[in-house]
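Data block below; observations after.
Convention: sequence-line order gives letters A, B, ...; per-chain numbering from 1. If you're wondering where the values come from, they're calculated on a predicted model, not measured in any experiment.
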2 protein chains.
Amino acid sequence: MPLLLLKDLPRYECLLESAKEFPDLDPSAAEAYLHLLRAGDDAFAVAERNLDEHGISQGRFCVLMLLWRSVQPRAATLLGAEGCADGPRTPAELAEGANVTRATMTGLIDTLERDGFVKREPDPVDRRMMSVRLTAKAESFLRDFLPGHFRTTSKLMSALSESERKTLVRLLNKISTQAAAMAGGPATPPVPRPARHT
Amino acid sequence: MPLLLLKDLPRYECLLESAKEFPDLDPSAAEAYLHLLRAGDDAFAVAERNLDEHGISQGRFCVLMLLWRSVQPRAATLLGAEGCADGPRTPAELAEGANVTRATMTGLIDTLERDGFVKREPDPVDRRMMSVRLTAKAESFLRDFLPGHFRTTSKLMSALSESERKTLVRLLNKISTQAAAMAGGPATPPVPRPARHT
DNA sequence: CAATTATCGTTAGTGCCCTAACTGTCTGCC
DNA sequence: GGCAGACAGTTAGGGCACTAACGATAATTG
């Protein structure tokens, strides 16, 4: 359960009523927003149960998948890395790819190394850097774990037809695009922080 | 940022290729799953920035909204509580409504009380229980904060038309239903009433 | 009534995420 | 060469989520 959320979402009629009190409340927008978070949470919780049973968290799984791209030269491009430099990767690169801070990545690598999934090695050229590599244990773990993980996501999405999946992805992409526009401000001037109202 | 996720999702063609190596991988299912988590995360991040700027987290906001149902007798049913007993609420009820453990709720109430948003009072009847009430500070905070929050979600969903929103909610509900079926055990939920779940 | 059982809230310990600040190393510019 | 700035990784401290266990209280039951 990644994010704390109301157990029972308000019904649509309730949103309509609340909109009388709050003119800024757009009932259908709020409904879509709440259901998006709810469905994402539900889907994630199902997948997370798989992970938990194998003693691995979403964050750790993400790191393993990123490192796996390096191990699998022919799968590297297949899994989506385009500027894929194979070979070991640094904590900073991993943090970038996993969308967390370097400090967080340090903690993740700490526990992964403690549990024998990865290995730190100093970079011989640049002594500031470390190289992180998967161990054989991690590779065999992934080969055992991934099929079940894929079956879980397949079953989860079995409720949707092929065309429904396409529609869903298209709508979700619209939301992500809008979120990116609201978050970073693609046309933000060199000012580091956006000084304008949202 | 609630959950750690790959920054760049694999492209669909990459999933198709990976499916050759992993027969269990259903490309369109994996694509839908990843985009769902991504969009949910993006949408949540936008809303969370609003919250952060007001020094409040999603969890704390959730608690305040639950308590607010009690404060607003006419809004109580409107916001979706059906068996809504008005008046103060106990940590156990709040934990149930927010979908967290009682221990987590203790921590949330701790910080909310420290910051002056809620107040604990011992229940005069049952000395095991506590009553949690919103302070005036919290009520005025919500009245200031909610309009902006609603505008944010409206803007986020402005990328979708009314009919697209309906479609999205319908598809998301299918996923949530399927997730519930997968989470609650393969066979049956043996509890018609939420009495004893252990 | 006394003993068992259940419930409530809390505490202790762990994990993962963040920000801020620090150490060590490399780079660029004089 | 030497030094300011940039960069990599870590550490320290806080917040929020979990589980497991505890003391206090209430409810149930023999």
Quickly work out the [X] [atom1] to [N] [atom2] distance and round it to whole Å.
| X | N | atom1 | atom2 | answer |
| --- | --- | --- | --- | --- |
| A:D52 | C:dG15 | CG | C1' | 11 Å |
| A:D110 | D:dT11 | CG | P | 7 Å |
| B:D123 | D:dA24 | CG | C1' | 14 Å |
| B:E96 | C:dG9 | CD | C1' | 16 Å |
| B:M105 | C:dT11 | CE | C1' | 17 Å |
| A:D126 | D:dA6 | CG | C1' | 12 Å |
| A:R128 | D:dG5 | CZ | P | 17 Å |
| A:L108 | D:dG9 | CG | C1' | 14 Å |

Quick check: on DNA chain C, is the nucleotide nearest B:I109 upstream (toward 5') of the one nearest A:R127, or the reverse? Name the residue that is more 5'.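 Upstream on the strand: B:I109.
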
Which residue, A:V125 or A:T101, contacts DNA chain C at a nucleotide closer to its 5' end, judged by nearest heavy atom?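 It is A:T101, whose closest nucleotide lies nearer the 5' terminus.
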
State whether [X] places a side-chain N or O below 4.0 Å from either non-bridging phosphate oxygen (OP1 or OP2) of [N].
| X | N | value |
| --- | --- | --- |
| B:T111 | D:dG15 | no |
| B:S57 | D:dC16 | yes |
| A:T106 | D:dG9 | no |
| A:R60 | C:dC17 | no |
| B:T104 | D:dC16 | no |
| B:R102 | D:dA21 | no |

Between [X] and [Y] (side chain of the first, backbone of the second, donor and acceptor by atom type, cut-off under 3.5 Å), is there such a pair?
| X | Y | answer |
| --- | --- | --- |
| B:E31 | A:V169 | no |
| B:S176 | B:N173 | no |
| A:E164 | A:S161 | yes |

Between A:E121 and A:S131, a side-chain donor and acceptor under 3.5 Å: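 There is no such pair (donor and acceptor under 3.5 Å, judged by atom type) between the side chains of A:E121 and A:S131.
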
Look at the side chain of A:A103 and decide which nucleotide, out of C:dA20, D:dG15, D:dA8, has an atom nearest to it.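 When the side chain of A:A103 is considered, C:dA20 is the closest of C:dA20, D:dG15, D:dA8.
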
Would you mind telling me which of C:dG9, D:dT11, D:dG9 lies closest to the side-chain atoms of B:P91?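 Ranking C:dG9, D:dT11, D:dG9 by closest atom to the B:P91 side chain puts C:dG9 first.
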
Sole residue of A:F117, A:F61, A:W68 in ring pair (Phe, Tyr, Trp, His ring centres under 6.0 Å) with A:F141: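 Running ring pair (Phe, Tyr, Trp, His ring centres under 6.0 Å) over A:F117, A:F61, A:W68 with A:F141 returns exactly one hit, A:F117.
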
